[in-house]
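Just below is one structure, and these are the notes that go with it.
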Amino acid sequence: MSFLYSIILYFIIIPAFILLVIRFTIRKLRGKVDLTNEVDVSGKTVIVTGASDGIGKVTAEEFAVRGARVILACRNLQKAERAVADIRTRTTNGEMIIMHLDLSSLSSVRKFSSEFIEKYGGGLSILVNNAGVLNAAGKRKLTEDGFEEAFGVNHLGHFLLTNLLLPELAKAGEKNLSEPSRVVIVSSLAHTWGSLNFNDLMYEKTPLEDWRMMSKLYSNSKLANNLFNLELAKRLRSGKVNVNCYALCPGIVDTNIGKEDMMNNPPPVYVTKILFPIFKWVIMKDSKEGAETTMYCSLSKYLTHQSGEMYRNCEFWDYSKRPKLSEKDATKLWEMSEKLVKLN
Ligand SMILES: NC(=O)c1ccc[n+]([C@@H]2O[C@H](COP(=O)([O-])OP(=O)(O)OC[C@H]3O[C@@H](n4cnc5c(N)ncnc54)[C@H](OP(=O)(O)O)[C@@H]3O)[C@@H](O)[C@H]2O)c1
């Protein structure tokens, strides 16, 4: 065997084959939305937060395709308009309405909710808490209300929003008892690495030494998403409210999350030009694939009688494959969040 042939075999053909097998296997394991087993959403009102980009934009499109009245709750109205214009090149179905919502501002969340109720009140069938930030810059950022940004946007903003919209969700649930309204929380596998310090939820006292701590902030906010889901389900059940809730991980999806921060502190060229494209091709989902579990949780009839559980790859996320969530922490987080957003 010539030297050149050996190099090609061992450094190109065999690695490429292994990557191909991994790519194929990963895609096999991903579930698919079962279009034949969905709740009919045509004419129904749904809200998607962060619908201007990534998974949220595809989610809004999927609802529009199914004939829903979709409220795109976005912080950047021009970007949202561009998203709608782009979606409209593919479908004329449904109704798409852009409304301003900045989850880093509690007053914006309150304004959005009251405007929604005033203009479109009468029942909200599905609320998708999708918007999210991942601070990859390594600097602690704060929201308008002084909360650590990831915790403030990903958890507290959505916590307040959901609570303010619960009467609307309940209203839609009462109209059709066999079809509970749904709250769908886009969380992440990253919650696995989270751990909440209830004495320092905003990381004011804990030093942020390096980027690992920044990813910890994201993980903590996602853990908060899952604890919120758990406690919300418990409260809805005990209040006999016909609303269910679901938390999910969309997978590793090629979107813009964290990219702006990363641009300011770019990784070495071999990462951006070689490793990342390989990783993307083998492992990552595109935004359409990334939105599939959101659509599954939003519409699948299999989930009509479930609440408070977690999902990924369009299926139940087995307890044995993730850390157990603490019910005590869920209650404590709820009570602290109520105080932080001044809910009562
Ligand atoms: N991508 C992944 O691999 C991955 C993995 C696990 C979980 N997730 C979760 O999936 C969700 C969607 O993320 P993505 O990957 O689609 O990211 P993305 O493309 O960056 O989209 C995030 C969306 O959230 C919006 N947003 C951010 N801050 C907001 C605020 N303060 N108020 C209102 N909207 C705000 C963004 O608005 P602008 O357009 O104005 O920036 C954008 O529309 C997030 O919750 C994320 O944590 C993503």
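FYI, the numbering just counts along the sequence from 1. Read the numbers this way: they start at 1 and go in the same order the structure lists the ligands and their atoms.
- In this comparison of Asp53, Val58, Asn76, Asp102, the heavy atom closest to atom 31 (N) of ligand 1 sits on Asp102.
- Side-chain contact between Phe159 and Asn129 is absent, with no heavy-atom pair separated by less than 4.5 Å.
- With hydrogens left out, the protein atom closest to atom 3 (O) of ligand 1 is Val253 N, 2.7 Å, a heavy atom.
- Heavy-atom separations between Ser187 and ligand 1 include at least one value shorter than 4.0 Å.
- Considering only non-hydrogen protein atoms, atom 12 (C) of ligand 1 sits nearest to Asn130 OD1, 3.3 Å.
- The option from Ser105, Ser108, Gly251 that lies nearest to atom 4 (C) of ligand 1, judged by heavy atoms, is Gly251.
- Residues Lys280 and Phe276 have side chains in contact (heavy-atom distance under 4.5 Å, counting atoms from C-beta outward).
- Proximity of Lys285 to ligand 1 is not established, as no heavy-atom distance is less than 4.0 Å.
- Scanning all protein heavy atoms for the shortest distance to atom 10 (O) of ligand 1 gives Val186 CG1, 3.3 Å.
- Ligand-side atoms of ligand 1 in range of Gly54: 16 (O), 19 (O), range being under 4.0 angstrom from any heavy atom.
- Of the candidates Asn154, Leu103, Thr143, Ile55, it is Ile55 that places a heavy atom closest to atom 16 (O) of ligand 1.
- The distance from atom CZ of Phe198 to atom CD of Glu335, rounded to the nearest 0.5 Å, is 10.0 Å.
- Considering only heavy atoms from C-beta on, Asn244 comes within 4.5 Å of Pro180 through its side chain.
- Neither the backbone nor the side chain of Met284 comes within 4.0 Å of ligand 1, counting heavy atoms alone.
- Closest to atom 47 (O) of ligand 1 among all protein heavy atoms lies Tyr218 OH, 2.5 Å.
- Nearest protein heavy-atom contact of atom 41 (O) of ligand 1 is Arg75 NH2, 2.8 Å.
- Taking all heavy atoms of Ile257, Thr294, Leu77, Val153 into account, the minimum distance to atom 13 (O) of ligand 1 is reached by Ile257.
- For the pair Ile185/Tyr246, no side-chain contact is recorded, criterion being any heavy-atom separation below 4.5 Å from C-beta on.
- When side chains are defined from C-beta on, Ile71 counts as touching Tyr120, because their heavy atoms get closer than 4.5 Å.
- Close approach of ligand 1 to Ser188 (heavy-atom distance below 4.0 Å) involves ligand atoms 6 (C), 7 (C).
- Heavy atoms of Cys74 stay at 4.0 angstrom or farther from ligand 1.
- When side chains are defined from C-beta on, Ile117 counts as touching Glu168, because their heavy atoms get closer than 4.5 Å.
- In the vicinity of Pro250, heavy-atom distances shorter than 4.0 Å reach the ligand 1 atoms 5 (C), 6 (C), 7 (C), 8 (N), 48 (C).
- Counting only heavy atoms of the protein, atom 23 (C) of ligand 1 lies nearest to Gly50 O, 3.7 Å.
- Taking atom 39 (O) of ligand 1 as the reference point, the nearest protein heavy-atom neighbour is Ser52 OG, 2.6 Å.
- Here the heavy atom of the protein found nearest to atom 14 (P) of ligand 1 is Thr255 OG1, 3.4 Å.
- The side-chain heavy atoms of Val39 and Arg182, taken from C-beta on, include a pair separated by under 4.5 Å.
- Under the 4.0 Å criterion applied to side-chain N and carboxylate O atoms, Lys301 and Asp34 are not assigned as salt-bridge partners.
- Counting only heavy atoms from C-beta outward, the side chains of Leu217 and Glu148 approach each other to under 4.5 Å.
- Heavy-atom contacts from other residues, nucleotides or ligands closer than 6.0 Å to CD of Glu338 number more than 12.
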